[in-house]
Amino acid sequence: MKSANKLKHGNIASIVLCLVVLCSIFLNPQSVVSENNLNTSLVETVSLPGFQQIAENEKMKLFANTENGEISVYVKDTGYIWRSNPVDHEQDSIAKGQYKNALASQIILYYSQGFSEISVNSKAGSVDKGGLKFEKIDKGIKFTFTFPDIEYSIPVQYQLEKDYLKAQVLTEEITPELVTRTEERGQGETAYTLEIDYNITKIDFLPYFGAAGLNEQGYMMIPDGSGAIIYFNNGKTIYDSYYAPVYGKYRDIPSLSVYSDDSVRLPVFGMKRDNDAFIAVIHQNESTAFINASVSGKYTGYNSVFPSFQYKVIEANVGETYTQPYAPVLAPNGNYEVRYYFLTGDAADYSGMAQKYRQYLVDEKGLQKAQNINQSSLYIDLYGGVVKEKSILGIPREVFEPLTTFTQLKELSNDLKSKGIDSIVFRYMEWMRGKDRGKVPVKAMPDKKLGSQKAFMDFISYAVNNNIGFYPNVNLIHFSRNGGGFNRLFDAVKAPGQSPAFQYEKDNPHIALGRRWYLLNPQGVQKAAGKYINSFNKYGNNAISIDSLGNTVYSDNRKNGTMRGDITDIWTDVLASIKKNSYSIMLEDANAYAFPYTDRIVNAPSPERRIEIADEAIPFYQMALHGYIPYTTSPINLSSDPELAFLKAIETGSDIHYTFVMNDTSILKDTYLDYLYSCNPDFWMDTAVEQYKNAANIYTQLKEKPIVKHSKLQEGVYETVYEGNIHIVVNYNSNDVNVDGNIIKAKGFARIER
C-alpha cells in the first residue's frame, strides 16, 4: 500500500509538473521544455516549432528555420531565447506595408535605380519568391537570399563561437557586382532606349534581432557620445529614430555628409530585456556601418537596435546626365561581421555590456594597460602662439604672436609643483613655425618667437626629470597650403565627382585653416608621418600628441583610391610605427580603432543626452577604458558650466583638464583662437589646483582599477563602482541627499563603503 501511495503521489507530481511546464510554454512561446525547471542545469529540449538545431557549444544552441531564414539562439545559463525576428510579429497592428514584411526579414537591401534609392526586404523580395537557399556549415548555417526581381544574391552566415554568435554578410560573395538593364522610355517618335544601372547601396543586417514588444521592460544601448540608453516604449515617436555613422560623418561624400553626427566612437550597440541582455560588436568593416535604433510606435510595435552597412554611394559627376550616376564602391575587403555576446544575471545591463566590450578589446584588439597610470594627473592645454593679421607700414601681413613661450612653460611647471601638483601633463598646441601653418607638417620646427631650439630642448629635459608629460601637438590630416612636398591639386582627398573634398569652418570650427581646407590622402599621411617623426626625434622627447588621426575617418574617391573601410588599417599602421619608436601617444576623443596605440586620451566624450529619442546618458566609453587608458573631459574652464563639468569628471573617473594661455588673452581677439578668452591662469589656477587635489584624493588607488558598475540611484544622483567594491557617488542636485546613511552634499561627491 505504501509503495502504491508513493507511486500515486509520484504520478500526481509528474502530472502537475508537466502542466506547469505546458502552461509556461503556452504563456511564453520562448520558454524552455525541461525535465525540471527548478534544476540549475537547464535543459535538453527547446520548443521552437519550425526550427531545427544547427549547432551547440557549452554556452549556447543555434536553431534555424530553413523555410524563412530565421534563427534563434538559446542561452543555456538562463534558458532565454534570442530570436532574429519577433515571434508574434504577424499580430503587430502598428506595422503596415513594407514594415510588416520587414519584421520577418533578416536583411533589408537598398539599391539604386538611376538616382532613386529603393528598398526591398528579404521576406518579400527573396523568401516569398523562392529565392532562399541554405547550407549547413561548421558551427552554423549559411543562407543565400536571391532577389529575382533585381538579380542580386546576398549570402548571410551564422556560427556559434566560444562565447558569441558570429553573424556575417559575406560581401565577397555578393553577386553580381552590378546589374545593368535596358529599358524603353517614351512613345512613338520620342521613344528611346535607356541603360540603367542597379547598384546595391546599403544593407540593414538583422534589423529586428531581439526586438522587444509593447509590454516588455528594458532598454537599448547606443554608442552616442559616451553612450546612451533608450527605454522600451518611451513614447518618443515624434522624434527621429537614431541613425548615426560609426567613427563619424562622411567628410568626403556630399550625399552622406548630411548625417553630420560625429559622436559614435565605438562600434557597439546593445539591448537589455528583463533579466537578459546582449552587446553586439561590429568586428569587421565597422567604419562603413551606421547604428540604428527605433522605439515602438514609430514604424512597428517593437523596439529595435541594429547595424546598417554602406556598400556603395551614388553621386553625380559634374556635367553628367541624370541617367549616368557615378558609383564609388565602398564595399571593403572582408565581410560585414557582427558579434552578439549574450549576458545573464547581474551582468545583464549596460555595466555588464561595458565589461564584456573591454574584454573584447583586450582579447581581440590587443588593448593593454598604459604605463604610469597609478596616479591622477592635471592636464593642461597650452597654446604656443597664434597667427594674426597685422598692418605693418600700412600693409596687412600675417605675424606669429606668442602666447606661451618655453620660459613660461617652465615657470608654470614650477608654480604647479610648488602648489603640490605631483603629476602634470601638458599638451602644447600651435607651437610650430607660424609661416608653415596650413602646410602638411614634415619638420618639427618651433617658432623662434617662443624661444630657441636649445630652450625647447632644455624644457624637454626639465619635463622628463620632473614627472611632466609634455606632448607637442601635430595635425597630419588637415592642410590648406602647398608645401613640404605636398600639393592641394594632387594630394587632397577627392569627392566622388573628382573635385577636392573641401572642409569648411562651419563643420570644423576648431581647426580653422581658412574659409575652406583639405584632407590629405592616406598615402600622404603615411609619408608625412614618417618625415615628421624623423625630424621630431632630434629633440629627445618621448611623447607626442597627434591631432585628428584618432578620430577622423574618410575615403579618397579617386580612381584606385582608398575606401573608408580600409583607412582605419592605414591609421593604425601609422600609430603603430610611431609607437615602435618608444613614443607615448596622446589622442583626442579617440575612436576604438586607436585604443591599442594610445597612452592618453583628452576630450573624451562626456555623458550628456544629445538626442531626443534617448532617455539617459551613460559613461559607457569610460567604463570600457578605465584602468587601461587614462582620459580627460573637455577643458573645464571652456565649459558653459564648469561646476557641472567637474562633477562629470568625478562621475566618469576622468582626469582634470584645463586650457591656459600665459600671455594677455586680448591677443586672441579677431583670431581663430578667440574662443580661448576664458583661459587666463591667474583666474583659474586656484580652482584647477583645488579640483585636482580633490579628485586625486578620491581616486587614491583607483586609477588602475576597472569600473565594474554604474547606476542612477535617484534623480540627479549617480554611483560609479570600481573593482574592489569602491563606490563613488556624485550628487548633481542643489540639495543634500542620503545614500544608505551617507550624506552627499549638494553639488558634491563622496567615496563611500556599501
Side-chain angles (χ1 to χ4, degrees), residues 57-60 62 73-78 80-82 158-168 206 209-210 212 218-230 246 264-284 286 289 291 293 305-307 337-369 591-593 595-596 604-605 607 616 618-629 631 652-653 705-711 720-724:
N57 61 24
E58 291 182 0
K59 295 180 178 294
M60 297 167 285
L62 174 64
V73 179
Y74 165 71
V75 181
K76 292 184 177 181
D77 280 351
T78 61
Y80 197 82
I81 297 175
W82 292 95
Y158 308 101
Q159 291 172 293
L160 286 187
E161 300 296 341
K162 182 178 178 181
D163 61 344
Y164 61 89
L165 168 70
K166 179 165 68 175
Q168 297 176 288
L206 293 175
F209 187 93
Y219 53 75
M220 297 170 284
M221 188 281 293
I222 56 174
D224 186 70
S226 67
I229 57 176
I230 304 169
V246 173
V264 178
R265 300 296 175 208
L266 310 176
V268 300
F269 57 93
M271 177 176 285
K272 173 180 171 60
R273 289 179 63 173
D274 298 320
N275 296 317
D276 284 78
F278 73 73
I279 178 171
V281 182
I282 305 174
H283 179 70
Q284 276 190 296
E286 67 271 24
I291 305 297
V305 59
F306 63 94
E337 180 179 330
V338 185
R339 297 183 174 185
Y340 290 85
Y341 295 86
F342 303 106
L343 309 173
T344 61
D346 292 341
D349 58 13
Y350 67 80
S351 297
M353 295 178 197
Q355 290 194 62
K356 176 57 73 173
Y357 181 55
R358 180 173 60 240
Q359 193 61 50
Y360 165 88
L361 290 172
V362 171
D363 294 342
E364 301 292 340
K365 299 299 181 180
L367 178 66
Q368 297 179 355
K369 292 201 172 201
N591 290 330
Y593 62 79
F595 290 166
E616 298 278 354
I618 59 173
F620 190 93
Y621 187 99
Q622 290 83 356
M623 294 167 71
L625 292 183
H626 197 277
Y628 284 80
I629 304 174
Y631 48 80
T652 57
K705 292 183 179 295
I707 295 173
V708 297
K709 187 78 174 177
H710 176 271
S711 58
T720 306
V721 183
Y722 294 83
E723 187 180 81

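- K166 NZ to H283 NE2: the interatomic distance, rounded to the nearest 0.5 Å, is 8.0 Å.
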Point to revise | salt bridge (Lys or Arg N to Asp or Glu O under 4.0 Å) assessment of E161 paired with R339 | key: CA-CA 9 Å; E161 300 296 341; R339 297 183 174 185; over 6 Å; no
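- Within 6.0 Å of CD in E364 there are more than 12 heavy atoms belonging to other residues, nucleotides or ligands.
- Remark: D163 engages K356 in a salt bridge (Lys or Arg N to Asp or Glu O under 4.0 Å) (not counting sequence neighbours).
- Two residues are said to be in side-chain contact when any heavy atoms from C-beta on lie closer than 4.5 Å; T652 and S226 fail this criterion.
- Residues satisfying the salt bridge (Lys or Arg N to Asp or Glu O under 4.0 Å) criterion with R358, sequence neighbours excluded, are absent altogether.
- Atoms CG and CD, on L367 and Q359 in that order, are 10.0 Å from each other to the nearest 0.5 Å.
- Atom CE in M220 sits 4.5 Å away from atom CD1 in I230 (nearest 0.5 Å).
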Exercise for review: Decide yes or no on side chain to side chain contact (heavy atoms under 4.5 Å, CB included) for M353 and V268, but give the supporting numbers first.
Suggested key: CA-CA 10 Å; M353 295 178 197; V268 300; over 6 Å; no
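- Side-chain contact annotation: R273 with Y80, donor-acceptor N/O pair under 3.5 Å present.
- Taking CD1 of I618 as the reference point, atom OG of S351 lies at 8.0 Å (rounded to 0.5 Å).
- A distance of 6.0 Å or more separates the ring centres of W82 and Y340.
- Shortest non-hydrogen contact noted between L206 and F306 is O-CB, 3.5 Å.
- Screening F278, Y164, Y357 for a ring pair (Phe, Tyr, Trp, His ring centres under 6.0 Å) involving Y341 leaves a single residue, Y164.
- Taking the six-membered ring for Trp and the full ring otherwise, F595 and Y621 have centroids separated by under 6.0 Å.
- The distance from the OG1 atom of T78 to the CG atom of D276 is 4.0 Å, given to the nearest 0.5 Å.
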Practice item. Go through K709 and D346 one step at a time and tell me if the salt bridge (Lys or Arg N to Asp or Glu O under 4.0 Å) criterion holds. Key: CA-CA 10 Å; K709 187 78 174 177; D346 292 341; over 6 Å; no
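- The distance from the CZ atom of F342 to the CG atom of D77 is 12.5 Å, given to the nearest 0.5 Å.
- Each of L343, I229, V305 was scored for a side-chain contact (heavy atoms from CB on, under 4.5 Å) with M271, with one residue passing: V305.
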